[in-house]
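Heavy-atom basis, side chains included; hydrogens, waters and symmetry copies ignored. Residue numbers begin at 1 in each chain, while the letters A, B, ... track the order of the sequences.
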Amino acid sequence: MSGRCQLRTRLFSRFARNLAAASVPAPCSCPPSPSFFPEAETTSCSTESIDALCRHGFFHEAFDQCLRLRSLKAARRLHSHLRSPPFNPPTTLFNRLIYAYCKCGSLVDARKMFDEMPHRDTCSFNTLMAGYSNAGDLAEACRLFDEIPIRDHFSWSSIIACYTHHNFPTQSLELYRRMLREMAAENSKYSNRFTASSALAASTAVLSLRHGREIHCHIVRAGLESDAVVWSALSDMYAKCGSIKNARQVFDLSSDQDVVSWTAMIGRYFDAGRRMEGLELFRHMFSTCVRPNDFTFAGVLDACSELAVEGLGREVHGHMIRVGSDPSSFAASAVLHMYSKCGNIEKANIFFERMLKPDLVAWTSLISGFAQNGQPRKALLYYDLLLESGIRPDHITFVGVLSACVHAGLVDKGIEIFNSIKEKFELRHTTDHYSCVVDLLSRAGRFQKAEEIINGMPMKPDKFLWASLLAGCRIHRNLKLAKRAAESLFDIEPENAATYVTLANIYASAGKWDEVEKIRRKMDERGVVKKPGSSWIEVKRKVHVFLVGDDSHPLAKQIYAFLEKLQIKMKEEGYVPDTNFVLHDVEEEQKENNLSYHSEKLAVAFGIFATPPGTFIRVFKNLRICGDCHTAFKFISNITGREIIVRDSNRFHKFKNGDCSCGDYW
DNA sequence: TTAGGGTTAG
């Protein structure tokens with residue numbers, strides 16, 4: 001039998017089933033296929049196509065169309081066909097209608113339908129219950145669950161997942177145990193792949209390895225190991241409960257690895273901070289028959305952005321082109337973000353211009369990228385273009401726009417945009433918006449206005465706001481306000497060494513060494529340890545990491561010798577080490593030595609040493625760049641003729657011909 | 001006919 005004949009026979013049998021279900025005479029002996037109705041393929045005349053399908057008894061096709069279009073109008077039309085006598089539709093069709101109403105967003109219609117039904121089965125309850133759960137009405141979902149006369153696995157898995165989705169995972173686990181008890185009493189199979197994976201999600205949410213292991217045993221006993229979702233949920237549980245090793249073991253043992261399990265396992269490494277292993281697994285994926293998709297690419301690109309490894313990011317971008325990834329998907333925005341976070345804002349800009357339909361994420365990435373890469377005016381230009389495009393900015397876009405104003409030192413413009421968030425765009429100010437505006441004002445030395453804004457905030461200022469204020473106080477040496485900001489930070493996060501160090505540096509700049517000593521003692525008493533600064537650079541696809549005074553690199557001797565030579569030349573050009581940035585009250589020469597071997601200086605020196613003349617140097621640091629390194633890199637860029645880009649925890653600094661893109665405003 | 005795992009911007 002040819003494929004066409006097979007299709008026709010299948011359609012006919014379905015047609016006959018529908019007719020039998022609807023108890024109506026057949027309109028003709030040879031039914032047309034749904035594709036005979038061209039209007040059924042269009043979205044503009046959904047009700048006409050529903051009419052056409054229902055007239056010929058294609059009810060299930062009509063439901064499919066409703067769901068595809070998510071059209072409430074179409075669902076209501078279908079309802080009117082089911083109501084018209086002499087139709088006597090079976091419960092199945094009514095259940096599908098409840099489902100369609102839920103998917104089209106009308107729980108009122110779904111409930112009405114449910115209440116009108118002459119006979120309700122378990123599926124009717126399950127469908128409406130899932131509808132309430134998805135709409136966020138946990139109470140009504142629970143009420144329905146209690147009313148179900150005979151519960152099946154659908155009922156249990158829905159209610160277990162429902163409680164977890166609404167942040168009540170402990171109750172989910174209690175329900176799972178209740179299910180086991182009730183099913184054991186009825187001698188029925190006690191768990192299936194849906195209830196098991198939902199219960200696993202609950203034990204993951206409460207971070208209970210004990211519960212997770214118990215469910216793992218149920219899975220083995222019930223022989224559910226062949227299901228990809230169960231394996232993935234199991235692996236997720238182990239990873240989130242702290243055992244990435246067990247998560248990987250489960251993944252490796254899985255007999256049914258699909259693209260989702262691969263993507264999730266790679267993501268687990270990233271979440272655990274083990275990005276290199278995540279990238280390794282991604283590469284390994286290419287030796288299997290499972291092909292990565294946009295979710296995989298977006299996750300890996302995000303890790304490349306965090307690690308600032310453009311070489312790997314480009315490799316991922318290349319894979320995306322080869323597999324024909326949709327240039328309008330969210331993964332395309334992740335490509336743009338990767339280029340921007342790797343300091344290649346020019347490439348990000350070109351990529352953006354080639355996007356057919358950039359979404360808000362792409363616009364926001366580009367705007368924030370320009371802001372962080374020392375081109376705030378371009379950020380503001382693209383903000384204007386965004387408004388012209390008709391896409392509405394959201395609160396994250398405004399963080400980028402406001403930070404552009406901060407980097408450009410545009411105080412009045414920043415305040416104007418800050419006010420427009422509420423007045424023009426009718427959005428609520430977030431703490432991030434307040435942090436930006438306080439950053440803007442305090443960097444400009446307008447502390448009175450900054451304090452006014454802080455005192456008028458409807459919410460408690462967060463650590464980012466106080467840290468911005470403290471940074472402004474460091475620039476303008478405002479000791480009084482610095483103390484207030486630091487005290488607030490000590491309350492919020494007493495373990496963060498950066499606050500102590502910044503405050504100590506402010507006192508050190510003012511020569512108040514007794515205060516510096518007090519802070520040092522406070523750090524000792526509280527057991528606060530400075531987060532070690534580390535910098536890294538990618539050379540020939542290999543990442544080289546440096547710590548302060550690090551001599552573990554195989555080329556350490558050459559790097560130090562090269563740095564010493566550079567130092568001499570820099571001094572000849574007028575460089576004076578700025579020892580204000582050293583916390584401890586030590587001799588000047590010792591301070592100078594401490595400065596000379598900061599991780600970022602070692603990474604930059606290695607980059608210049610290991611790459612041919614003219615190559616861009618891109619260094620990344622986990623903390624903020626120190627002030628002395630900032631000055632030193634200006635000299636180094638001039639002496640060596642190299643462009644040096646440093647991405648610190650806050651922003652990018654592009655050093656070229658003795659200047660920095662931040663204009664020393666950081 | 002109804003239920004479970006992966007996603008991008010500060």
Side-chain angles (χ1 to χ4, degrees), chain A residues 21 59-60 63 67 90-100 102-103 121-131 133-134 152-162 164-165 192-202 204 224 227-237 254 256 258-268 292-302 305 329-338 340-341 358-369 371-372 393-404 430-433 435-436 464 650-651:
Chain A
F59 294 108
H60 285 286
F63 276 115
L67 293 172
T91 308
T92 309
L93 287 180
F94 284 125
N95 288 346
R96 284 212 78 180
L97 192 56
I98 297 175
Y99 184 73
C102 290
K103 291 286 169 191
D121 60 13
T122 303
C123 180
S124 326
F125 282 91
N126 292 343
T127 310
L128 189 61
M129 184 174 74
S133 169
N134 292 332
D152 61 9
H153 274 122
F154 285 92
S155 326
W156 285 106
S157 65
S158 292
I159 197 72
I160 292 167
C162 176
T164 308
H165 287 154
N192 75 355
R193 58 191 207 272
F194 292 97
T195 49
S197 52
S198 299
L200 274 173
T204 305
L224 304 171
D227 186 84
V229 179
V230 169
W231 278 112
S232 194
L234 200 51
S235 178
D236 202 43
M237 182 276 295
S254 167
D256 185 16
D258 61 9
V259 63
V260 180
S261 15
W262 273 92
T263 305
M265 189 63 230
I266 294 166
R268 278 174 211 124
N293 64 12
D294 281 346
F295 291 95
T296 326
F297 293 132
V300 177
L301 283 166
D302 190 40
S305 308
S329 89
F330 59 85
S333 300
V335 174
L336 193 156
H337 180 229
M338 179 275 297
S340 165
K341 291 296 268 188
D359 61 7
L360 182 60
V361 176
W363 280 98
T364 305
S365 275
L366 189 72
I367 291 168
S368 307
Q372 291 168 345
D394 70 1
H395 64 288
I396 303 176
T397 318
F398 283 113
V399 176
V401 178
L402 288 173
S403 74
T430 67
T431 48
D432 294 324
H433 300 151
S435 293
C436 286
F464 300 106
N650 208 31
R651 57 162 299 153

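With no hydrogens or angles considered, no side-chain donor-acceptor pair links A:Ser305 and A:Asp302 at under 3.5 Å. Donor-acceptor pairing under 3.5 Å is recorded for the side chains of A:Ser124 and A:Asp121. Side-chain contact, A:Thr122 with A:Asp152: no donor N or O sits under 3.5 Å from an acceptor N or O.
Following rounding to the nearest Å, A:Phe297 (CZ) and B:dG6 (P) show an atom-to-atom distance of 19 Å. When the P atom of B:dG6 is taken as reference, atom CG of A:Asp294 falls 17 Å away, rounded to whole Å. Look at CG on A:Leu128: it is 14 Å from C1' on B:dT1, rounded to the nearest Å. When rounded to the nearest whole Å, the span between CE of A:Met338 and P of B:dT8 equals 16 Å. Atom P of nucleotide B:dG6 and atom CG of A:Leu301 are separated by 19 Å, given to the nearest angstrom. Atom CH2 of A:Trp156 and atom P of B:dA3 are 18 Å apart (whole Å). The CE atom of A:Met237 sits 20 Å away from the P atom of B:dG4 (whole-angstrom rounding). In this structure, A:Phe63 atom CZ and B:dT2 atom P are separated by 11 Å, rounded to whole Å.
Distances from the side chain of A:Phe154 to the nucleotides B:dA3, B:dA9, B:dG4 place B:dA3 closest. Considering only side-chain atoms of A:Asn126, the nucleotide from B:dG4, B:dA9, B:dT2 that sits closest is B:dT2. Taking the side chain of A:Ser232 as heavy atoms from C-beta on, and the options B:dG5, B:dA3, B:dG6, the nearest nucleotide is B:dG5. Ranking B:dG4, B:dA3, B:dG6 by closeness to the A:Asp227 side chain, first place goes to B:dG4. You'll find that the side chain of A:Asp302 is closest to B:dA9, out of B:dT7, B:dA9, B:dG4. Comparing atom distances between the A:Asp394 side chain and each of B:dA9, B:dG4, B:dT7 picks out B:dA9 as nearest. For A:Val260, counting side-chain heavy atoms from C-beta on, the closest listed nucleotide (B:dG6, B:dG4, B:dT2) is B:dG6. When distances are taken from the side chain of A:Leu360 to each of B:dG4, B:dG6, B:dA9, the shortest belongs to B:dA9. Looking at the side chain of A:Val361, the nearest of the listed nucleotides B:dG4, B:dT8, B:dG6 is B:dT8. Side-chain proximity of A:Val229 to the nucleotides B:dA3, B:dT1, B:dG5 is greatest for B:dG5.
For a distance-only test at 3.5 Å, the side chain of A:Asn192 qualifies as a donor-acceptor partner of the base of B:dA3. For A:Ser198 against B:dG4, no side-chain N or O and base N or O form a donor-acceptor pair under 3.5 Å. Taking only distance into account, the side chain of A:Ser157 never meets the base of B:dG4 through a donor-acceptor pair shorter than 3.5 Å. Residue A:Asn293 places a side-chain atom within donor-acceptor reach of the base of B:dG6, judged by atom type and a 3.5 Å distance cut-off alone.
Taking the six-membered ring for Trp and thresholds of 30 and 60 degrees, A:Phe194 and A:Phe154 have nearly parallel ring planes, at less than 30 degrees apart.
Using a 4.0 Å heavy-atom cutoff across all strands shown, A:Val335 reaches no nucleic acid atom at all. Base engagement by A:Asp258 is indicated by at least one non-hydrogen atom pair under 4.0 Å involving a base atom. Residue contacts for A:Thr127: at a heavy-atom cut-off of 4.0 Å it reaches the sugar-phosphate backbone alone, with no base atom in range. In this structure, A:Ser333 reaches the bases: a heavy-atom distance under 4.0 Å links it to at least one base atom across the strands shown. The residue A:Tyr99 sits close only to the backbone: its heavy atoms come under 4.0 Å of sugar-phosphate atoms, none of a base. Within 4.0 Å (heavy atoms only), A:Ser124 reaches no atom of the nucleic acid at all. Across all strands, A:Ala228 comes closer than 4.0 Å to base atoms (heavy-atom distances).
With centres under 5.5 Å and a plane angle under 30° as the test, the ring of A:Phe194 is not stacked against the base of B:dG4. Taking a centre distance below 5.5 Å and an interplanar angle below 30 degrees as the stacking criterion, A:Phe330 does not stack against the six-membered base ring of B:dT7.
Between A:His337 and the phosphate of B:dA9, there is a side-chain N or O to OP1/OP2 separation shorter than 4.0 Å.
Under the salt bridge (Lys or Arg N to Asp or Glu O under 4.0 Å) criterion, A:Asp359 pairs with no residue, sequence neighbours left out. Residues passing the side chain to side chain contact (heavy atoms under 4.5 Å, CB included) test with A:Tyr99, sequence neighbours excluded: A:Leu67, A:Lys103, A:Thr127.
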Does the side chain to side chain donor-acceptor pair (under 3.5 Å) test come out yes or no for A:Thr397 and A:Thr364, once each step is laid out?
CA-CA 5 Å; A:Thr397 318; A:Thr364 305; 3.1 Å; yes

